[in-house]
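In this text the structure is predicted, and so the values were computed from the model without any measurement.
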Amino acid sequence: MITDWRETLKCRTEVVGSFKMGSSARLRSPGKVVIGIVLLAFVVVGLGVGYYFAAASTPSFQVMWSVRPLNIRFTVTQASGSAQDSFTCNPSVSPVTLRVFSSQPDTITVTVSPSSFPSCGSTPDNVTVTASCTPTALANGTCPGDTYTATVQVCGPAPYTCLKQFLTVNIAVQNK
């Protein structure tokens with residue numbers, strides 16, 4: 001029996017012709033990528049606009065301090081000093097807490113008393129701001145200086161919402 005080469009080739013081409021490329025090897029459509037990028041842009045813009053309008057609709061509370069800036073001066077032998085101030089809020093807000101930040105907390109600690117009020121409005125709230133040398137700074141002799149500052153912020157009605165117009169406290173510590 002003699003086989004014709006054409007018959008053999010025909011069989012082999014049919015086997016090769018049935019091979020198909022899998023879907024994992026296909027390239028993605030550029031249109032789908034563009035649509036994805038456009039949708040992502042809309043989400044980002046929408047979030048930004050929502051944040052802007054939420055911030056714009058929040059009332060702008062103002063804090064007015066009676067003494068600004070507040071100056072505290074004491075000697076190393078005294079180790080601390082204090083000064084009094086008062087503040088009002090417009091419009092009224094409740095409750096409020098006071099947060100204090102020292103420019104050099106390893107050398108000078110600053111506290112405010114009282115540190116919270118049930119409300120803040122047109123009636124002044126009185127506070128006492130106290131600055132002290134830390135025990136380490138007193139022991140090392142690094143407390144004297146006049147370059148210390150502190151910031152007092154009025155926050156409310158939520159602890160993370162601080163009102164405008166913080167109080168700057170200038171602190172000077174003398175040798176004698």
Side-chain angles (χ1 to χ4, degrees), residues 36-37 39-176:
I37 291 172
L39 287 175
L40 181 64
F42 277 127
V43 169
V44 169
V45 168
L47 289 173
V49 168
Y51 176 78
Y52 172 77
F53 283 119
S57 66
T58 304
S60 178
F61 293 100
Q62 292 285 332
V63 176
M64 301 300 291
W65 292 92
S66 62
V67 179
R68 201 164 167 241
L70 187 65
N71 295 311
I72 298 176
R73 176 165 283 187
F74 60 94
T75 63
V76 174
T77 55
Q78 293 170 323
S80 69
S82 60
Q84 294 185 344
D85 202 351
S86 63
F87 64 95
T88 58
C89 299
N90 184 18
S92 295
V93 62
S94 61
V96 294
T97 58
L98 281 71
R99 294 176 28 186
V100 184
F101 302 96
S102 173
S103 64
Q104 295 183 8
D106 294 337
T107 307
I108 297 286
T109 58
V110 183
T111 58
V112 62
S113 179
S115 60
S116 64
F117 294 89
S119 65
C120 176
S122 59
T123 303
D125 291 317
N126 298 315
V127 294
T128 301
V129 180
T130 303
S132 305
C133 294
T134 64
T136 305
L138 283 172
N140 295 341
T142 58
C143 195
D146 59 356
T147 58
Y148 306 117
T149 59
T151 303
V152 179
Q153 292 179 328
V154 178
C155 301
Y160 53 85
T161 308
C162 293
L163 311 178
K164 294 180 181 178
Q165 297 298 340
F166 58 84
L167 173 66
T168 300
V169 181
N170 297 319
I171 304 162
V173 182
Q174 300 170 337
N175 271 327
K176 294 182 182 184

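- With sequence neighbours left out, Ala131 forms a side chain to side chain contact (heavy atoms under 4.5 Å, CB included) with Ile72, Phe74, Ile108, Val110, Ile171.
- Residues Val154 and Phe117 fail the side-chain proximity criterion, which asks for heavy atoms closer than 4.5 Å.
- Residue pairs that meet the ring-ring contact (aromatic ring centres under 6.0 Å, His included) test with at least one member in residues 128-153, sequence neighbours left out, do not exist here.
- At least one side-chain heavy atom of Val152 sits less than 4.5 Å from a side-chain heavy atom of Trp65.
- Note that CD of Gln78 is 9.0 Å distant from CD of Gln174, once rounded to the nearest 0.5 Å.
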Could you pull out every donor-acceptor pair under 3.5 Å between side chains of residues 82-89 and any protein atom, sequence neighbours left out?
unit_1 : atom_1 : unit_2 : atom_2 : d
Asp85  : OD1    : Ser66  : N      : 3.4
Asp85  : OD1    : Ser66  : OG     : 2.6
Asp85  : OD1    : Val67  : N      : 3.0
Ser86  : OG     : Ser66  : OG     : 3.1

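- Taking the side chain to side chain contact (heavy atoms under 4.5 Å, CB included) definition, one finds that Thr136 meets it with Thr134, Asn140, sequence neighbours left out.
- In terms of heavy atoms, Ser132 sits closest to Ser80 at OG-CB, 3.3 Å.
- For Asn170, the side chain to side chain contact (heavy atoms under 4.5 Å, CB included) test picks out Pro69, Asn71, Thr149, Thr168, with sequence neighbours left out.
- In this view, Ala79 and Leu138 satisfy the side chain to side chain contact (heavy atoms under 4.5 Å, CB included) rule, not counting sequence neighbours.
- Residues passing the side chain to side chain donor-acceptor pair (under 3.5 Å) test with Ser122, sequence neighbours excluded: none.
- Val63 has its side chain out of reach of Cys120: every pair of non-hydrogen atoms, C-beta onward, lies at least 4.5 Å apart.
- Partners of Arg68 according to the side chain to side chain donor-acceptor pair (under 3.5 Å) rule, which considers only residues two or more places apart in sequence or in another chain, are Gln165.
- Note that CG of Leu163 and CG of Asn90 are 11.0 Å apart. Values are rounded to the nearest 0.5 Å.
- Summarising the geometry, atom SG belonging to Cys143 is positioned 9.5 Å from atom CG belonging to Asn175; distances are rounded to the nearest 0.5 Å.
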